[in-house]
There are 2 protein chains.
Amino acid sequence: MAVSKAEIERRMKRFAETCRTGGLKTTHQRMEVFRELAGAETHPDAETIYRHVRRRVPAISRDTVYRTLATLEEQGLVHKAEIVSGRGRYDANMEHHHHFICTACGRVHDFYSPTLDDLPIPKSVSALGRVESTQVQLRGLCTNCAKDKR
Amino acid sequence: MAVSKAEIERRMKRFAETCRTGGLKTTHQRMEVFRELAGAETHPDAETIYRHVRRRVPAISRDTVYRTLATLEEQGLVHKAEIVSGRGRYDANMEHHHHFICTACGRVHDFYSPTLDDLPIPKSVSALGRVESTQVQLRGLCTNCAKDKR
DNA sequence: CTCTAAATAGGAACCATTCCGATTAAAGAA
DNA sequence: TTCTTTAATCGGAATGGTTCCTATTTAGAG
Ligand SMILES: [Mn+2]
Ligand SMILES: [Mn+2]
Ligand SMILES: [Zn+2]
Ligand SMILES: [Zn+2]
């Protein structure tokens with residue numbers, strides 16, 4: 001269930017390209033923070049990314065990780081999911097998708113649904129404002145945690 | 001657009017009843033924290049509630065506000081909306097409803113949609129786990145902020 | 001009224017994130 | 001390549017929301 005070599009390569013290429021066109025310096029730190037996400041499926045938080053990248057870039061600072069994640073998000077290279085209150089969780093999968101969040105272990109699983117991608121927004125909402133994004137979050141026990149409970 | 005006197009009274013009655021059946025002491029502090037929400041439509045955060053209630057209960061502590069909000073949520077008297085990372089926002093409107101969140105001013109507006117209340121969950125999700133709750137969040141510019149921008 | 005478990009006050013602690021000032025280094029120019 | 005500019009980084013302090021802790025108070029049962 002890992003991200004394929006080909007997909008990782010595609011993402012790294014897009015990263016390099018975005019740095020160029022966006023006028024961003026392709027620093028060692030920036031590259032390694034993105035590489036961490038390019039191969040991840042676990043929606044890691046900033047602290048987790050920090051700990052992993054530090055193995056490769058021992059002197060990297062937390063601030064750089066946070067700053068870099070914000071930059072990558074601005075550039076549309078990663079997606080920040082506001083899962084529960086507290087830590088943001090990051091994802092380099094930029095396809096339109098949704099999240100199933102386990103209330104026991106906190107794991108975040110992607111799922112796809114063209115129907116949910118394009119929800120019927122009631123007319124009453126247009127009086128409130130112009131909708132720019134929609135997000136569907138499902139919560140429940142994941143199969144793993146359900147098994148453990150028995 | 002304020003909550004009607006009748007509705008507030010209904011909510012306060014439910015509060016009293018829930019305290020009784022739930023074995024909760026109806027303390028002055030508890031009552032005033034709930035009263036604050038019973039009449040609110042702005043999804044205030046804990047700090048806002050604290051500042052308002054303090055006018056009536058000058059010695060109340062932040063801890064009590066936080067603890068009370070958690071208790072009220074457990075008892076199903078209020079709903080905690082995880083809006084953006086950071087502050088939780090509270091609501092005594094327990095009817096099934098959804099939120100439109102303005103990305104500029106942060107205001108949270110309720111809206112209703114029977115369709116969104118009962119979303120079609122794709123079969124693929126059942127492999128991930130058992131869904132216990134669903135949440136739809138819409139984000140965008142509210143009409144007020146859109147006006148200001150011009 | 002008395003008693004006791006539940007609830008509170010106030011402040012310390014905690015934790016994720018951001019800020020800041022000094023230092024480093026990417027990348028365009030020469 | 002070397003020089004220069006300025007974006008980016010580092011490390012630690014600061015911030016802000018929330019929770020924890022302990023002594024004290026109090027609602028409500030008996
Ligand atoms: Mn995802
Ligand atoms: Mn609401
Ligand atoms: Zn789980
Ligand atoms: Zn607004």
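Sequence lines set the chain letters: A, B, ... in the order given, protein chains first and strands last, and positions in each chain run from 1. Worth saying up front: this structure is predicted, and the values here are computed from it rather than measured.
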Using atom [atom1] of [X] as one end and atom [atom2] of [N] as the other, report the distance to the nearest whole Å.
X        : N       : atom1 : atom2 : value
Asp45(A) : dC15(C) : CG    : C1'   : 12 Å
Tyr50(A) : dC10(D) : OH    : C1'   : 10 Å
Lys80(B) : dG17(D) : NZ    : P     : 13 Å
Arg51(B) : dG16(D) : CZ    : C1'   : 13 Å
Phe34(A) : dA8(D)  : CZ    : C1'   : 19 Å
His28(B) : dA9(C)  : NE2   : C1'   : 15 Å
Glu32(A) : dC10(D) : CD    : P     : 12 Å
Met31(A) : dA25(C) : CE    : P     : 16 Å

Near DNA chain C, under 4.0 Å by heavy atom, which residues of residues 62-78 of chain A?
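Listed by number, they are Asp63(A), Tyr66(A).
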
I need the residues from residues 14-26 of chain A with at least one non-hydrogen atom less than 4.0 Å from DNA chain D; give them sorted by number, or say none.
Leu24(A), Lys25(A)

Gln29(B) vs dT26(D): side-chain N/O to OP1/OP2 distance below 4.0 Å
no

Under 4.0 Å from OP1 or OP2 of dT26(D): is there any side-chain N or O of Thr27(B) that close?
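Checking Thr27(B) against dT26(D): no side-chain N or O falls below 4.0 Å of OP1 or OP2.
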
According to side-chain hydrogen bond (donor to acceptor under 3.5 Å, both in side chains), does anything in residues 110-124 of chain B pair up with another residue at least two apart or in another chain? List the pairs.
His43(B)-Asp110(B), Asn93(B)-Asp110(B), Asn93(B)-Tyr112(B), His96(B)-Asp117(B), His97(B)-Asp110(B), His98(B)-Asp117(B), His99(B)-Asp110(B)

Output side-chain donor-acceptor pairs under 3.5 Å for residues 67-78 of chain A, partner residues at least two apart or in another chain, one line each.
from     : atom 1 : to       : atom 2 : distance (Å)
Arg67(A) : NH2    : Thr64(A) : OG1    : 3.1
Thr68(A) : OG1    : Thr64(A) : O      : 2.6
Thr71(A) : OG1    : Arg67(A) : O      : 2.9

Using a strict threshold of under 4.0 Å (side-chain N to carboxylate O), is an ion pair present between Glu17(A) and Lys13(A)?
no

In terms of side-chain geometry, is the basic nitrogen of Arg56(B) or Glu32(B) positioned less than 4.0 Å from the acidic oxygen of its partner?
yes

My understanding is that only residues two or more places apart in sequence, or in another chain, count here; which of them pass ring pair (Phe, Tyr, Trp, His ring centres under 6.0 Å) with Phe15(B)?
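If we apply the ring pair (Phe, Tyr, Trp, His ring centres under 6.0 Å) test to Phe15(B), skipping adjacent residues, the hits are Phe34(B).
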
For side-chain contact (heavy atoms from CB on, under 4.5 Å), just list the numbers for Thr42(A) and Arg107(A), CA-CA rounded to whole Å, side-chain angles, deciding distance to a tenth of an Å, and then say yes or no.
CA-CA 7 Å; Thr42(A) 53; Arg107(A) 261 189 277 266; over 6 Å; no

With a 3.5 Å distance limit and no angle check, can you tell me whether Thr18(B) reaches the backbone of Arg14(B) through a side-chain donor-acceptor pair?
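Yes, because the side chain of Thr18(B) sits within donor-acceptor range (under 3.5 Å) of the backbone of Arg14(B).
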
Quick check: does any side chain N or O of Arg89(A) sit under 3.5 Å from a backbone N or O of Ala81(A), one acting as donor and the other as acceptor?
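No.
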
Thr143(B): partners by side chain to side chain donor-acceptor pair (under 3.5 Å), with sequence neighbours left out
none

